[in-house]
Amino acid sequence: MQNLIVRKGDKRGRYFVTAGGRRCAALFLLAEAGEIGNDFPAECKQREAEDATAISLTKHLHEARRLEMG
């Protein structure tokens, strides 16, 4: 699994996932189902807000192109 890309939030200890939202959602579903613990470690790479946004946009564009090509 690839690392989640996160950026710091406004409040202390808060982070926003900017790339890997589906992986993050899957982890929450696994935790709700009892398949993993709520404290399951997920590898994250912290980026500055501008870098995190650029990474997210690049991943979305790549995915859109992949889907267009079928």
- prompt: Say you draw a straight line from CD of Glu48 to CZ of Arg7; how long is it, rounded to the nearest 0.5 Å?
  reply: 10.5 Å
message: I'd like to know if Val6 and Phe16 are part of one continuous hydrophobic network [Ile/Leu/Val/Met/Phe/Trp/Tyr, side-chain heavy atoms within less than 4.5 Å].
response: no
field: Distance-minimising heavy-atom pair for Cys24 and Leu4
entry: N-CD2, 4.0 Å
- prompt: Which atom names give the shortest non-hydrogen contact between Asn38 and Ala31, and what distance separates them?
  reply: OD1-CB, 3.6 Å
message: Atom OH of residue position Tyr15 - does it have more than 12 heavy atoms of other residues, nucleotides or ligands inside 6.0 Å?
response: yes
query: Do you know the tightest heavy-atom contact between Arg23 and Asn3?
result: NH2-O, 3.2 Å
